[in-house]
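Heads up, the thing below is written out as structure tokens.
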Amino acid sequence: MTTRDVSARSPKALCAPAPAAPPAPPAPPAPAGAALADAGAPAHLLQVIEGGRAGADAVQDHRTKAVGFTGSTRGGRHLFDLAAARPDPIPFYGELGSTNPVVVTPAGWAERGEEIATGFAGSCTLGSGQFCTQPGVVFVPDADAFLAALPPLSAGPMLNERIGTAYTDALDALDALAARDGVEVARRVPGVEGQPDVVLLRTTADAVRNDPALITTEVFGPASLVVAYRSPEEVEEALAEFEGTLTGTVQAAGADDEAGLRMLDLLARYAGRVIWNQWPTGVTVSDAQQHGGPWPASTAPTTTSVGTAAIRRFRRPVAFQNVPGTALPPELRDRAPRI
């Protein structure tokens with residue numbers, strides 16, 4: 001039995017055309033359009049539509065056969081429901097919310113404390129915290145020492161005015177969060193010339209146990225929560241509150257750090273990618289990449305939205321049984337060129 005990927009002849013499997021309802025979409029950005037043309041891609045492979053209504057219309061248009069999405073949990077769930085409610089339900093590959101927990105072990109802090117603090121500062125504020133893999137929660141054995149070791153924090157501009165406004169609104173919500181028992185603002189660095197504030201909240205593992213939403217609420221911007229713990233068991237209890245996350249990071253000592261190895265195994269239950277003594281922010285486009293995870297990190301945890309395997313989301317296998325070789329698609333015949 002031989003299988004073949006029908007996407008080789010079906011541009012719709014790669015990119016849905018614009019829906020009929022909106023006006024003709026603008027041409028793709030010139031560099032992207034030129035690069036696709038140079039690669040021999042079909043015309044109109046990349047099109048751009050804007051607006052929430054247009055996006056919803058595209059998901060429901062009968063010509064759309066699959067959808068990839070990156071955005072908020074609320075928006076993604078809405079589009080997922082639209083895709084599932086169609087007369088002909090289609091696959092919806094949503095990459096949604098994630099707080100990307102980091103666990104610093106006692107041995108890791110004792111051996112690499114300054115390195116860890118510096119790495120966290122860079123990862124937290126990279127791209128003004130607008131990476132979906134931004135470390136939104138960090139568990140530390142000594143919060144006072146961790147905060148004291150952080151270098152100066154700053155962030156650049158937000159992607160656009162709407163996202164900047166949403167972050168400002170989120171800061172108001174963080175202020176309300178900091179008013180709860182066991183939570184406080186540990187660091188707030190005002191932005192200059194319209195750039196966003198960098199905010200670090202501080203709490204304890206005890207407070208997280210009483211209010212798990214503290215570690216599962218995502219903020220799109222340069223804000224993170226520092227969680228002090230007294231024992232690895234407290235961290236294990238807190239991590240059990242996660243439903244799903246894109247990444248989980250362990251900052252440990254060497255390969256014999258038993259607490260780190262325990263955390264690594266636990267994080268693998270909830271995260272699509274687990275990291276040891278590095279930071280999650282960068283997402284390499286490679287064969288080994290896995291950018292996804294259990295809900296709410298994604299709607300399809302067995303797929304990835306980054307890396308060479310991402311194209312498999314838009315492939316549909318077809319099996320040819322007992323078919324004469326001359327009737328097979330050219331790429332499946334004997335002596336066909338290998339790709």
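The figures here come from the full heavy-atom set of this structure, side chains too, leaving out hydrogens, waters and symmetry mates.
Contact of the Pro91 side chain with the Arg313 side chain is not registered, since no non-hydrogen atoms from C-beta on lie closer than 4.5 Å. Side-chain contact between Arg202 and Arg187: absent, with no pair of heavy atoms (C-beta onward) separated by less than 4.5 Å. With a 4.5 Å cut-off on side-chain heavy atoms, Phe242 and Pro101 count as touching. At least one side-chain heavy atom of Arg262 sits less than 4.5 Å from a side-chain heavy atom of Pro232. Asp88 is listed as a side-chain neighbour of Lys65, based on a closest heavy-atom distance under 4.5 Å. Looking at heavy atoms from C-beta onward, Pro141 lies in side-chain contact with Val104 at the 4.5 angstrom threshold. Residues Tyr167 and Ser128 fail the side-chain proximity criterion, which asks for heavy atoms closer than 4.5 Å.
Around the CG atom of Asp181, the shell of radius 6.0 Å holds no more than 12 heavy atoms that belong to other residues, nucleotides or ligands. In Glu233, the CD atom is crowded: over 12 heavy atoms of neighbouring residues, nucleotides or ligands sit closer than 6.0 Å. Environment of CD in Glu184: crowded, with over 12 heavy atoms of neighbouring residues, nucleotides or ligands closer than 6.0 Å. Within a 6.0 Å sphere centred on CZ of Arg86, heavy atoms belonging to other residues, nucleotides or ligands number more than 12.
Side-chain atoms of Arg273 come within 3.5 Å of backbone N or O of Pro280 as a donor-acceptor pair. At least one donor-acceptor pair under 3.5 Å links the side chain of Asn100 to the backbone N or O of Thr247. A donor-acceptor pair under 3.5 Å is formed between the side chain of Gln290 and the backbone N or O of Thr303. Put simply, the side chain of Ser98 never gets that close to the backbone of Thr245: no donor and acceptor are under 3.5 Å apart. In this structure, the side chain of Tyr229 does not engage the main chain of Val140 through any donor-acceptor pair within 3.5 Å. Side-chain N or O atoms of Ser123 include none that pairs as donor or acceptor with a backbone N or O of Gly119 at under 3.5 Å. Judged purely by atom type and a 3.5 angstrom limit, Arg112 uses its side chain to pair as donor or acceptor with the backbone of Ala252. In this structure a side-chain-to-backbone donor-acceptor pair under 3.5 Å is missing from Asp197 to Val199. Under the 3.5 Å distance criterion, the side-chain polar atoms of Gln130 are matched with a main-chain donor or acceptor of Gly127. In this structure, Arg188 contributes its side chain and Leu200 its backbone to no donor-acceptor pair below 3.5 Å.
Between Arg312 atom CZ and Tyr93 atom OH the span is 12.5 Å, to the nearest 0.5 Å. Taking OG of Ser72 as the start and CD of Glu218 as the end, the distance is 9.0 Å to the nearest 0.5 Å. Here the CG atom belonging to Leu214 is positioned 9.0 Å from the OG1 atom belonging to Thr204, to the nearest 0.5 angstrom. To the nearest 0.5 Å, atoms CD (Glu241) and CD1 (Ile215) are separated by 6.5 Å. If you take CG on Leu150 and CD1 on Ile116, they are separated by 11.5 Å, rounding to the nearest 0.5 Å. The OG1 atom of Thr105 sits 3.5 Å away from atom CG of Asp257, with the distance rounded to the nearest 0.5 Å.
A pairwise comparison of heavy atoms in Thr308 and Ile311 identifies O-CG2, 3.5 Å as the closest pair. Contact detail for Gly248 and Ala271: the closest heavy-atom pair is N-CB, 3.6 Å. Between Gly254 and Glu111 the shortest heavy-atom distance is N-OE2, 4.5 Å. Nearest heavy atom pair, residue Gly293 against residue Pro301, reads O-CB, 3.4 Å. Smallest separation of non-hydrogen atoms from Ala58 and Thr64: O-OG1, 2.7 Å. Minimum interatomic distance between Val227 and Ala205 (heavy atoms only, all atoms of both residues): CG1-N, 3.6 Å.
Annotation for Trp295: hydrophobic cluster partners, listed by chain and number, are Val59, Val67, Phe69, Leu79, Phe80, Leu82, Ile90, Phe92, Leu96 (ILVMFWY side-chain heavy atoms under 4.5 Å, direct or chained).
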Q.
Please determine whether side chain to side chain contact (heavy atoms under 4.5 Å, CB included) holds for the pair Val318 and Arg316, giving the CA-CA distance in whole Å, both sets of side-chain angles, and the decisive distance to 0.1 Å.
A. CA-CA 7 Å; Val318 175; Arg316 184 178 67 82; 3.7 Å; yes
Q: Evaluate the side chain to side chain contact (heavy atoms under 4.5 Å, CB included) criterion for residues Phe146 and Val226: first the C-alpha distance (whole Å), next the side-chain angles of each, then the deciding distance (0.1 Å), finally the verdict.
A: CA-CA 9 Å; Phe146 178 79; Val226 179; 4.0 Å; yes
Q.
Under the criterion side chain to side chain contact (heavy atoms under 4.5 Å, CB included), I'd like the reasoning laid out for Val103 against Gln251: C-alpha separation, chi angles, the key distance, then a yes or no.
A. CA-CA 6 Å; Val103 180; Gln251 294 292 341; over 6 Å; no
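Residue Leu201 is grouped with residue Phe139 when hydrophobic side chains (ILVMFWY) are merged at heavy-atom distances under 4.5 angstrom, including chains of intermediate members. Residues Leu171 and Val137 share a single hydrophobic cluster, defined by chaining ILVMFWY side chains whose heavy atoms lie under 4.5 Å apart. There is no path of hydrophobic side-chain contacts, each under 4.5 Å, that joins Val138 to Val274. Placement of Leu267 and Leu246 in two distinct hydrophobic clusters is found when ILVMFWY residues are connected by side-chain heavy-atom separations under 4.5 Å, directly or transitively. Under the 4.5 Å side-chain contact rule for hydrophobic residues, Trp279 and Leu153 share a cluster.
Partners of Asp206 according to the salt bridge (Lys or Arg N to Asp or Glu O under 4.0 Å) rule, which considers only residues two or more places apart in sequence or in another chain, are Arg209, Arg230.
Side-chain contact of Glu95 with Ser305: a donor-acceptor pair under 3.5 Å is present, judged by distance alone. For the residue pair Gln134 / Ser224, a side-chain donor-acceptor distance below 3.5 Å is found, with atom types taken as modelled.
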